[in-house]
2 protein chains.
Amino acid sequence: MSERRRQVRSEAASARPRKTKAVPDALPAAEDEPRGIQPKTARGEATRRAILDAAERVIGAKGFSEASIGAITREAGCAQGTFYIYFKGKEEVFSELVLEMGRLVRRALTQATANIPDRLAAEKAGLRGFLDFVAAHPDLYRIIQEALFVDPAAYRAYFSSFAEGYRSALADAEAAGQIRPGDCDVRAWALMGIARALGERAVIWEDRTPVAEVVDAAHDLIVHGLQPRGDKP
Amino acid sequence: MSERRRQVRSEAASARPRKTKAVPDALPAAEDEPRGIQPKTARGEATRRAILDAAERVIGAKGFSEASIGAITREAGCAQGTFYIYFKGKEEVFSELVLEMGRLVRRALTQATANIPDRLAAEKAGLRGFLDFVAAHPDLYRIIQEALFVDPAAYRAYFSSFAEGYRSALADAEAAGQIRPGDCDVRAWALMGIARALGERAVIWEDRTPVAEVVDAAHDLIVHGLQPRGDKP
DNA sequence: TCAAAACATGAATAGTGATTCATGTTTCAT
DNA sequence: ATGAAACATGAATCACTATTCATGTTTTGA
């Protein structure tokens with residue numbers, strides 16, 4: 001019991017793969033896919049997809065470290081070795097899932113808010129679109145949360161992309177006089193936080209309150225705040 | 001490749017300990033601490049504390065599954081075996097950390113909002129207290145996020161306690177006419193979401209914006225909402 | 001139709017780290 | 001001061017699974 005309080009070194013920032021017996025590094029260093037190749041046929045595409053979908057379900061249900069490759073391939077209906085035809089390792093499927101989640105959410109939000117010029121109205125439609133999406137993809141939602149530790153870069157990229165888009169949307173609306181002036185960066189994070197919390201309430205807490213009710217209540221808060229006797233037109 | 005889409009069974013809800021060789025269950029079934037005892041002396045208390053603190057740092061830095069008992073005890077400055085004198089296993093320290101986080105945050109919030117009868121003012125003080133707290137305990141903050149998978153019960157307990165307290169505080173304020181009428185449950189979750197997101201921005205994104213600025217901007221949003229031309233007294 | 005390319009298999013390998021335990025050392029009550 | 005209770009040690013055990021690989025099977029293109 002001596003030097004307490006030492007700084008914990010993050011040591012490679014996260015998980016590392018098993019050691020390979022002989023690392024023959026002497027090549028010009030460039031290519032990055034000794035394994036984990038894109039399928040070339042429809043059959044391969046279907047198998048890869050099956051594994052990815054199975055991974056979503058298994059990792060979403062058990063969490064990253066409890067989800068074994070064996071469980072994933074069993075769920076996908078193929079042999080363990082097949083997994084490594086399409087993915088370099090466990091981390092790689094996970095990262096793909098996080099990316100997919102990002103793509104899908106962005107698409108959902110884009111569609112939900114398309115052609116809505118008013119920011120306050122867009123805010124409501126976006127919240128509704130988000131809550132509908134997470135209700136339809138509870139596994140992906142839980143997966144994002146694990147990314148903070150399993151793939152920090154993907155985690156940050158996921159939220160950064162939303163934060164930046166949100167911030168500039170608010171800045172535009174502010175310039176157009178559609179919303180109250182204020183710090184758009186902080187407000188973007190705050191609004192993302194609201195959406196995230198309500199999504200979690202629905203998915204993790206399995207709250208059954210109809211989405212429309214939740215959206216109405218939250219949107220009232222977002223528009224008018226907590227203050228009493230607000231101006232009602 | 002056959003029965004796809006099978007339901008993934010959560011299988012014991014989370015991690016399970018290694019199998020013990022011979023389980024001699026035949027006793028009346030009641031006691032639950034074959035290991036993991038409370039220290040009886042000051043020396044033991046200090047060691048237990050050292051391990052808990054080390055676990056906070058190591059798990060906070062590397063995440064639960066990457067944090068080995070060896071790393072924790074090394075950080076604590078004791079032998080691996082010592083760990084099992086005070087904790088039944090890895091999960092147990094983790095759960096303690098989540099509980100401790102809950103206790104500390106609750107205390108911080110109670111102190112920050114003590115003797116502030118007005119809800120809107122309390123809201124601001126509470127947000128400030130929370131952000132100050134997470135800045136001082138970044139490790140604990142990250143740990144909560146992992147609890148969703150490592151110890152779901154603790155995760156839910158942590159947020160439930162806040163949600164319920166928050167909800168009833170809002171309900172009281174609403175009854176007293178201090179805030180706008182509305183769904184207090186949804187609003188409680190939304191406000192928690194704001195705090196959580198801003199805490200994350202500070203801790204995970206290491207954003208350096210002064211806390212006071214963040215609090216002012218967020219509080220303006222919380223009080224007045226996004227709508228333009230709000231009533232300014 | 002046939003060789004090559006793609007896919008698929010699952011048993012074997014092997015790294016890892018949680019947990020135990022037989023053996024000391026320290027502290028406490030009397 | 002002294003035996004018992006507490007505490008501490010760290011090497012050894014051993015379950016667990018990610019990953020590999022030698023060997024088939026299926027699909028594709030000409």
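The figures here come from the full heavy-atom set of this structure, side chains too, leaving out hydrogens, waters and symmetry mates.
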For the pair made of [atom1] in [X] and [atom2] in [N], what is the distance, rounded to whole Å?
{"X": "B:Ile69", "N": "C:dC21", "atom1": "CD1", "atom2": "P", "result": "17 Å"}
{"X": "B:Phe83", "N": "C:dA18", "atom1": "CZ", "atom2": "P", "result": "9 Å"}
{"X": "A:Tyr84", "N": "D:dA22", "atom1": "OH", "atom2": "C1'", "result": "17 Å"}
{"X": "B:Ile72", "N": "C:dG17", "atom1": "CD1", "atom2": "P", "result": "12 Å"}
{"X": "B:Lys88", "N": "C:dT20", "atom1": "NZ", "atom2": "P", "result": "12 Å"}
{"X": "B:Ile51", "N": "C:dT19", "atom1": "CD1", "atom2": "P", "result": "14 Å"}
{"X": "B:Lys90", "N": "C:dG17", "atom1": "NZ", "atom2": "P", "result": "9 Å"}
{"X": "A:Phe87", "N": "D:dA18", "atom1": "CZ", "atom2": "C1'", "result": "16 Å"}

Check residues 131-141 of chain B and write down every donor-acceptor pair under 3.5 Å in which the side-chain atom is one partner and the other belongs to a residue at least two apart or another chain.
| from | atom 1 | to | atom 2 | distance (Å) |
| --- | --- | --- | --- | --- |
| B:Asp132 | OD2 | B:Arg128 | NE | 3.3 |
| B:Tyr141 | OH | B:Arg196 | O | 2.5 |
| B:Tyr141 | OH | B:Glu200 | N | 3.2 |

* Asked: Hey, are B:Gln145 and A:Tyr155 close enough side-chain-wise for a donor-acceptor pair under 3.5 Å?
  -> yes
Report the residues that fulfil side chain to side chain donor-acceptor pair (under 3.5 Å) with [X], sequence neighbours left out, ordered by chain and then residue number.
{"X": "A:Ser95", "value": "A:Asp151"}
{"X": "A:Glu164", "value": "A:Arg167"}
{"X": "B:Ser160", "value": "A:Trp205"}
{"X": "B:Arg156", "value": "none"}

* With pairs defined as Watson-Crick or G-U wobble and both distances under 3.5 angstrom, please note down DNA chain D as a dot-bracket string, | for pairing with another strand. => ||||||||||||||||||||||||||||||
* Asked: With B:Asp183, which residues qualify under salt bridge (charged side-chain N to carboxylate O under 4.0 Å, His left out), at least two apart?
  -> none
Close N or O pairs between protein and nucleotides 4-7 of chain D (under 3.5 Å):
| from | atom 1 | to | atom 2 | distance (Å) |
| --- | --- | --- | --- | --- |
| D:dC7 | OP1 | B:Lys40 | N | 2.5 |
| D:dC7 | OP1 | B:Thr41 | N | 2.9 |
| D:dC7 | OP1 | B:Thr41 | OG1 | 3.3 |

* Name all residues meeting the side chain to side chain contact (heavy atoms under 4.5 Å, CB included) criterion together with A:Leu109; count only those two or more places apart in sequence or in a different chain, and write none if there are none. => A:Val105, A:Phe130, A:Phe162
* side chain to side chain contact (heavy atoms under 4.5 Å, CB included) partners for B:Glu213, two or more places apart -> B:Thr209, B:Pro210
With the criterion being N/O to N/O and under 3.5 Å, what pairs connect the protein with nucleotides 10-12 of chain D, and how long is each?
| from | atom 1 | to | atom 2 | distance (Å) |
| --- | --- | --- | --- | --- |
| D:dG10 | N7 | B:Gly81 | N | 3.2 |

* Could you tell me whether A:Lys90 sits above the aromatic face of A:Phe64, with NZ or CZ closer than 6.0 angstrom to the six-membered ring centre and within 45 degrees of the axis? => yes
* Selection residues 97-112 of chain A - residue pairs positive for side chain to side chain donor-acceptor pair (under 3.5 Å), sequence neighbours left out -> A:Arg49-A:Glu100, A:Arg106-A:Ser161
